[in-house]
Structure formats: C-alpha cells, structure tokens
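One structure below.
Reckoned from all heavy atoms, side chains included, excluding hydrogens, waters and symmetry mates. Source: prediction; values computed, not measured. Nothing fancy with the numbering, it's 1 onward along the sequence.
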Amino acid sequence: MELTPIILLVSLLAFMLIGVPIAWSLSLSCFAALLTMDSMPLALLTQRVFNGANNFSFLAVPAFVVAGEVMSQGGISKKLVDMATVLLGRMKGSLGIISVVASTIFAALSGSATATTAAIGGLMYPEMEQRGYPKDFSAAVQAIGGTLGPVIPPSLMMIFYGVATGESITKLLMSGVVPGILTCMLLCFMVYIIAKRRDMPTESVAFSWRKLWDSVRDSFLALLMPIIILVTIYFGICTATEAAAIAAVYGILVALCVYRSITIRQLWDIFKKSAVQTVVISIMVTTAQLFGWIVTYYNVPTILAQAIQSVSSSSLVFLFLTLVILMIAGMFMEALSVVIIVAPILHPVALVYGVDPIFFGFFVVFVMCIGIATPPFGPCLFVSCSISNRPFVKVAKEVLPFILVEVAVAVIVIFFPQIVTFLPGLME
C-alpha cells in the first residue's frame, strides 16, 4: 500500500484519539493525505468538498432534523404513551413494553436515538419508578428504546450512507421498516420474560374501546407523519428529499396550529438548533466524500477485499466479521462517525462478495445502532442515566439482555436478508 492512504488512516485515528471532533478529524486527515499526493493540486480539496455538498438528496437532512425537533418538543410523546397504555396496559411488565412500543412509534417521528430516549424516557421512567419497577431495569428499557430511532424511517444515518455510497436513499429508508418492527416485537418479548421472572407489576387499566378511540384521536395527526413519509416514498409520489420537506411543514403546522404545543419563539429556537446540527453534519458528510474519494483512488477497498478473501470467500464470514468490527467500533465511537468512515471502505468490499448493497447499508446502520446503547460510550445509556440519576454501571448491566436481542436480530437478517430487502424489492 502507498504512503498516502496510510497517512490518511493513521492521522484520522490520531486526531480522534486526542479528542478532535470527527468533522475536523476527517478534514485534517484528508488535507494531510493530499499534501503527500505530488500530482494532485490542493484545489482538488475544495472541489471534492463542493461535489460532496452538491447533492439533492442531502437537502433531506435539514428537513428531517426540523421535523424531528418539532415532534420532540411538541408534546407528542405523551399522546403516544397514552395510546400504548390503553393497548398494552394489562400485560406483565406492561410499562416496560409500553416504553418500547412508544419509542418505536416516536422513532418514526423523530429519527433520532437520543431524542427518543429523552422524550419517552422522561415520561416513562418516573411512571415505572412510581409503580415499583426496578430502577436500573427501568432506565435500561428507556436506553434500548432509543436505538430504534436511526433504523425506522426517517433515518439520517440511512441518508448519510446513501450520500456516501450513491445507493438509493429511498430504498435504504424503506429497508428499516420490517426489521425495525421485528426488533420492537422481540424487545417487548424480552421485557415480558424479565418482568415475569422478577414478578414485576401489571397495570390495572381495563381495555375500553372508548379510551382507545380517544387516545388514537388525540395522537392521530402525529401518527400521520410517518405514514405520509412511508406512503409517498413507497408509491413513488415523492423522493426522500421531497417527503422530508412535506414532513417538516406538516409537523410545524400540527404542533403550531392544531396541538398548540409550541410557540413562534420556540419554533425559531428549533430552527436555530436544527441549523447548527445541519452545519456540523454537513461538514462531516462533505469531508467524508473526499475521504471516500482518496480511499477509492488508492484502491483501499480492493486491497481489503483481497485480504479478507484470502481468509474466506464466504459472504457469511464477511458479514459476521463486519458485525464484530462494527460492534467494537460502536462501543468507543459515535455511530454516525463510524457509518461515514466505513461506508466508502466496506461498501465496495460487500459488492465484491455479492452482498445486496441495500441490505448491507441497513446492516451497517443497524449494527451501529446497537452501539448507541452499548457500554462504555453508548449515548442513549448516558441520556437514560441522566434522566434516572442511576449509576451507569448498573444500568449497563441491565441493558445487556436487550443488546443480545438486537445482536440476534442482526444474525437473523444475515441468514434471512429478505426481511430487509422485501419492501425495497417491491419498489423496483
């Protein structure tokens, strides 16, 4: 391997180890690599960065960020919890199951892991504590619920993966629907098993069609947002970018004019916060484009594919190896950063192995979502511990069975990729 890609990768790791933010680590490592490319003018740096930003699909990012912030601050989470309580309140460990289901629905509104944990956890943890649930278990349930945020559309991670690799963002978004629902069901089952073994409380909420109707009516307009996104994308009415714009406008109108849960001043604050997030994300994505170009120019994916194939030519071995590598990376690095870095490297290798590119995009994002709640640096764990004021180590211990459930889902989709590719395949 030539000197330039070595400098690129080593400097990237060095900058991250000394605490430089990932956006600037990518920028500085790319600049250092370009300095060693004698035949390449430095003007190429600005050209590749511009080309990375000059992408219509990237316009979906600020729109989905705004939509997620509006739904997070618009009081929607309380309505979703009320509806889930009416449906599931009589099961063993029902409040834990309600937390997972409400998190799944809220994830389809916000697309953010930490926002889901903060919004649903802020409501459900005090309720679970008051009803006599173990405190550390209650905090762990809130942490694991947030991991579904980047899996179920709208998913910013899917958009970033699509921008970095050139794959269809629409198909990537749709790939998370079925496995996201499957994961929710299995997490609920794990909550039920643990609750039954520890004899946790059961709610005495009697089922009532009237209560169900009232709860659905109150949350109906909020629930329409993910439906609008999925239906318009699935039937080809809108692109992912256009659906994001519709979702943002719809969310603002519902929160501002119907629920009246935000004010004009709060909306302005949401715009400012979303703008800052979008700028940071933009720097990361555009420099990742340059990073990917340098990696590809020096045939790093080809070299890596040949090295892995010398060990095994099986796509299953490659996927299990990817699972292990990404889980280790997710324990120590922020998930979005890992996706942006590994996408241009592992995506071409997956193609060499004959792995479906949409499946592999989902797989990378899903495995990194496991890391969002995995110690020692899972951000959802930190949010949950902050909400509950519980010790990190004890909450991390309680979250491990749920991590195993999500790892099991990753293994299931390896052997049955149709779970992921079914919906995207229908769009062809």
From [X] [atom1] over to [Y] [atom2], what is the distance, rounded to the nearest 0.5 angstrom?
{"X": "Ile372", "Y": "Leu381", "atom1": "CD1", "atom2": "CG", "answer": "11.0 Å"}
{"X": "Ser155", "Y": "Ile169", "atom1": "OG", "atom2": "CD1", "answer": "10.5 Å"}
{"X": "Met128", "Y": "Ile98", "atom1": "CE", "atom2": "CD1", "answer": "9.0 Å"}
{"X": "Tyr161", "Y": "Leu173", "atom1": "OH", "atom2": "CG", "answer": "14.0 Å"}
{"X": "Gln306", "Y": "Ile303", "atom1": "CD", "atom2": "CD1", "answer": "7.0 Å"}
{"X": "Leu404", "Y": "Met190", "atom1": "CG", "atom2": "CE", "answer": "7.0 Å"}

Any side-chain heavy-atom pair of [X] and [Y] under 4.5 Å:
{"X": "Phe291", "Y": "Leu8", "value": "yes"}
{"X": "Thr165", "Y": "Phe360", "value": "no"}
{"X": "Ser386", "Y": "Val383", "value": "no"}
{"X": "Val177", "Y": "Val151", "value": "no"}
{"X": "Leu26", "Y": "Ile341", "value": "yes"}
{"X": "Val258", "Y": "Leu253", "value": "no"}
{"X": "Leu351", "Y": "Pro357", "value": "yes"}
{"X": "Glu167", "Y": "His347", "value": "yes"}

Would you find more than 12 non-hydrogen atoms of other residues, nucleotides or ligands less than 6.0 Å from Phe320 atom CZ?
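For Phe320, atom CZ is crowded (more than 12 foreign heavy atoms under 6.0 Å).
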Would you call the rings of Phe382 and Phe392 parallel, tilted or perpendicular if under 30° counts as parallel and over 60° as perpendicular?
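Plane angle under 30°, so parallel.
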Identify the two heavy atoms, one from [X] and one from [Y], that lie closest to each other, and give their separation to 0.1 Å.
{"X": "Pro179", "Y": "Val420", "value": "CG-CG2, 4.2 Å"}
{"X": "Cys380", "Y": "Thr147", "value": "SG-N, 4.5 Å"}
{"X": "Cys238", "Y": "Ile246", "value": "SG-CD1, 3.6 Å"}
{"X": "Pro5", "Y": "Val300", "value": "CB-CG2, 3.8 Å"}
{"X": "Leu12", "Y": "Ser29", "value": "N-CB, 3.7 Å"}
{"X": "Ser175", "Y": "Met158", "value": "OG-CE, 3.9 Å"}

Does Ile294 form a side chain to side chain contact (heavy atoms under 4.5 Å, CB included) with Cys30? I'd like the steps, not just the answer.
CA-CA 8 Å; Ile294 296 174; Cys30 289; 4.3 Å; yes
Test side chain to side chain contact (heavy atoms under 4.5 Å, CB included) on Ser11 and Leu28 and set out the steps.
CA-CA 8 Å; Ser11 60; Leu28 293 171; over 6 Å; no
Side chain of [X], backbone of [Y]: donor and acceptor closer than 3.5 Å?
{"X": "Ser274", "Y": "Phe271", "answer": "no"}
{"X": "Ser25", "Y": "Val20", "answer": "yes"}
{"X": "Ser310", "Y": "Ala307", "answer": "yes"}
{"X": "Ser384", "Y": "Ala139", "answer": "yes"}

Once side chain to side chain donor-acceptor pair (under 3.5 Å) is applied, what residue pairs with a partner in residues 95-106 remain, sequence neighbours excluded?
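The answer is Ser99-Gln142.
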Among residues two or more places apart or on two chains, list those pairs meeting salt bridge (charged side-chain N to carboxylate O under 4.0 Å, His left out) that have a residue in residues 390-415.
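Salt bridge (charged side-chain N to carboxylate O under 4.0 Å, His left out) check on residues 390-415 returns Asp136-Arg390, Arg198-Glu398.
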Tell me every residue that passes ring-ring contact (aromatic ring centres under 6.0 Å, His included) with Tyr250, counting only those two or more places apart in sequence or in another chain.
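By the ring-ring contact (aromatic ring centres under 6.0 Å, His included) rule, Tyr250 matches no residue at all.
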Full working for side chain to side chain contact (heavy atoms under 4.5 Å, CB included) between Val191 and Phe137
CA-CA 9 Å; Val191 171; Phe137 169 81; 4.1 Å; yes
Side chain to side chain contact (heavy atoms under 4.5 Å, CB included) assessment of Glu129 paired with Tyr125
CA-CA 6 Å; Glu129 183 182 24; Tyr125 178 80; 3.6 Å; yes
Taking the ring of Phe366 and the ring of Phe359, is the distance between their centroids below 6.0 Å?
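Ring centroids of Phe359 and Phe366 are no less than 6.0 Å from each other.
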Which of these passes side-chain contact (heavy atoms from CB on, under 4.5 Å) with Thr183: Ile370, Val178, Leu148?
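It is Leu148, the one option of Ile370, Val178, Leu148 that forms the side-chain contact (heavy atoms from CB on, under 4.5 Å) with Thr183.
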